[in-house]
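Report on the structure given below.
Just so we're clear, the structure is a prediction, and the values are computed from it rather than from any experiment.
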Amino acid sequence: MLLAVERLHAHYGKSHILHGVNLAVEEGSIVSLLGRNGSGRSTTLKTMMGIVRATEGSVVLEGCELTGLRPFEVARAGLGYVPEERLVFPNLTVEENLQMGLQPPRDGNAPWTTGDMYRYFPRLEERRHNKAGTLSGGEQQMLTICRSLLGNPRVLLIDEPTEGLAPKIVEVVMEVILDIRKRGLAVVLVEQKLTIALKVAEKVFVMGHGEIVFEGTPDELRGRPDIRRDWLEVS
Ligand SMILES: Nc1ncnc2c1ncn2[C@@H]1O[C@H](COP(=O)(O)OP(=O)(O)O)[C@@H](O)[C@H]1O
Ligand SMILES: [Mg+2]
């Protein structure tokens with residue numbers, strides 16, 4: 001197992017939000033983390049990154065314990081993170097934002113280059129000398145994904161990457177995610193659009209009230225209308 005999350009608990013103040021989350025991610029696979037708004041998906045990613053402190057449990061990447069590390073140390077250990085809110089440096093140019101993300105490659109993997117990023121998103125190349133703060137929301141989202149990839153992570157955690165993007169850009173983002181897997185990286189994808197999440201993932205985890213309430217393949221989830229009704233569809 002490349003990444004194992006075991007019995008993870010987290011609190012915001014006195015509110016107990018994560019109640020023993022378990023996740024397992026194999027090398028070169030895409031895992032979708034599904035659930036209704038408020039079910040704890042973003043908190044799970046933030047706790048894995050050390051942005052929210054784990055109050056119990058562990059996160060182990062390639063045998064290395066990540067709980068207790070600070071976010072930059074977690075990133076250095078190999079977890080990349082694309083948060084829901086697009087995080088760009090508004091006063092730096094597109095190119096400077098990309099350079100901020102550069103980290104040396106990990107053994108065995110070919111490094112990602114800014115050229116790769118511009119091939120995926122020619123729009124970013126056109127705007128490479130523009131300040132990131134002047135980009136549209138969608139462009140800032142692409143830039144955030146690219147900056148994380150340039151850190152050459154082993155596993156990329158992506159929180160609702162297609163939220164608010166035009167359908168054409170959604171397709172490109174999904175292509176990038178499939179390409180990431182081809183390169184042997186793993187992806188944990190929080191995605192609201194169920195069809196997309198089921199199409200790309202090998203494995204699906206459904207969260208409800210801060211716990212994993214279902215774990216299986218996309219086909220297994222397709223065969224469980226009860227799970228979809230109780231934990232996914234908005235009634
Ligand atoms: N910064 C915060 N402070 C207090 N409560 C929060 C905070 N962020 C999220 N929560 C609460 O934690 C729960 C899980 O939220 P979140 O992880 O964002 O869910 P999801 O990403 O699945 O929509 C929700 O009840 C939410 O209101
Ligand atoms: Mg969220």
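- Checked options Arg127, Lys131, Arg128; the residue passing with Glu139 is Arg127 (criterion: salt bridge (charged side-chain N to carboxylate O under 4.0 Å, His left out)).
- Take Leu69 and apply the side chain to side chain contact (heavy atoms under 4.5 Å, CB included) test, not counting sequence neighbours, and it matches Leu66, Glu73, Val74.
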Considering only distance and modelled atom types, tabulate donor-acceptor pairs under 3.5 Å from the side chains of residues 21-33, sequence neighbours left out.
unit_1: Asn22; atom_1: OD1; unit_2: Arg7; atom_2: N; d: 2.8
unit_1: Glu27; atom_1: OE2; unit_2: Arg154; atom_2: NH2; d: 3.1
unit_1: Ser29; atom_1: OG; unit_2: Glu26; atom_2: O; d: 2.7
unit_1: Ser32; atom_1: OG; unit_2: Ala197; atom_2: O; d: 3.1

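- Here His11 pairs with His16 under the ring pair (Phe, Tyr, Trp, His ring centres under 6.0 Å) rule; sequence neighbours left out.
- Between Asn37 and Gln192 there is a side-chain heavy-atom pair separated by less than 4.5 Å.
- In this structure, a donor-acceptor pair under 3.5 Å is absent between the side chains of Thr113 and Tyr118.
- Panel note: side chain Gln140, backbone Leu135; a donor-acceptor pair is recorded below 3.5 Å.
- Proximity of Thr43 to Lys46: side-chain heavy atoms (C-beta onward) are nowhere separated by under 4.5 Å.
- Rounding to the nearest 0.5 angstrom, the gap separating the CZ atom in Arg53 from the CZ atom in Arg70 is 15.0 Å.
- Side-chain contact, Lys193 with Thr162: a donor N or O sits under 3.5 Å from an acceptor N or O.
- Not a single side chain to side chain contact (heavy atoms under 4.5 Å, CB included) links Pro90 to another residue, sequence neighbours left out.
- For the pairing with Met48, the side-chain contact (heavy atoms from CB on, under 4.5 Å) check across Ile51, Val52, Thr44 returns one residue only, Thr44.
- Classified by interplanar angle (parallel below 30°, tilted 30° to 60°, perpendicular above 60°), the ring pair Trp112/Tyr120 is tilted.
- Using a 4.5 Å cut-off on side-chain heavy atoms (C-beta onward), Met117 and Leu149 make contact.
- Although no hydrogens or angles enter the test, the distance criterion places a donor-acceptor pair under 3.5 Å between the side chain of Ser148 and the main chain of Thr144.
- Arg229 and Asp226 are not joined by a salt bridge, as no carboxylate oxygen comes within less than 4.0 angstrom of a charged side-chain nitrogen.
- Remark: Lys182 pairs with Asp179 by the salt bridge (charged side-chain N to carboxylate O under 4.0 Å, His left out) rule, at least two apart or across chains.
- Panel note: side chain Glu211, backbone Val213; no donor-acceptor pair is recorded below 3.5 Å.
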Given side chain to side chain contact (heavy atoms under 4.5 Å, CB included), test Glu125 with Thr114 step by step and report yes or no. CA-CA 9 Å; Glu125 183 163 31; Thr114 48; over 6 Å; no
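- Val82 pairs in a side-chain contact (heavy atoms from CB on, under 4.5 Å) with only one of the listed residues (Ile145, Leu189, Asp159), which is Ile145.
- Cluster partners of Leu92 are Phe89, Met100, counting Ile, Leu, Val, Met, Phe, Trp and Tyr whose side-chain heavy atoms approach within less than 4.5 Å, directly or via other members.
- In this structure, Met174 and Ile196 have side chains that are in contact, with non-hydrogen atoms separated by less than 4.5 Å.
- Formation of a donor-acceptor pair under 3.5 Å by the Arg36 side chain with backbone atoms of Asp230 is found in this model.
- Using modelled atom types, one side-chain atom of Arg86 and one backbone atom of Gly137 make a donor-acceptor pair closer than 3.5 Å.
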Please walk me through it: do Leu221 and Leu198 pass side chain to side chain contact (heavy atoms under 4.5 Å, CB included)? CA-CA 9 Å; Leu221 182 59; Leu198 293 184; 3.8 Å; yes
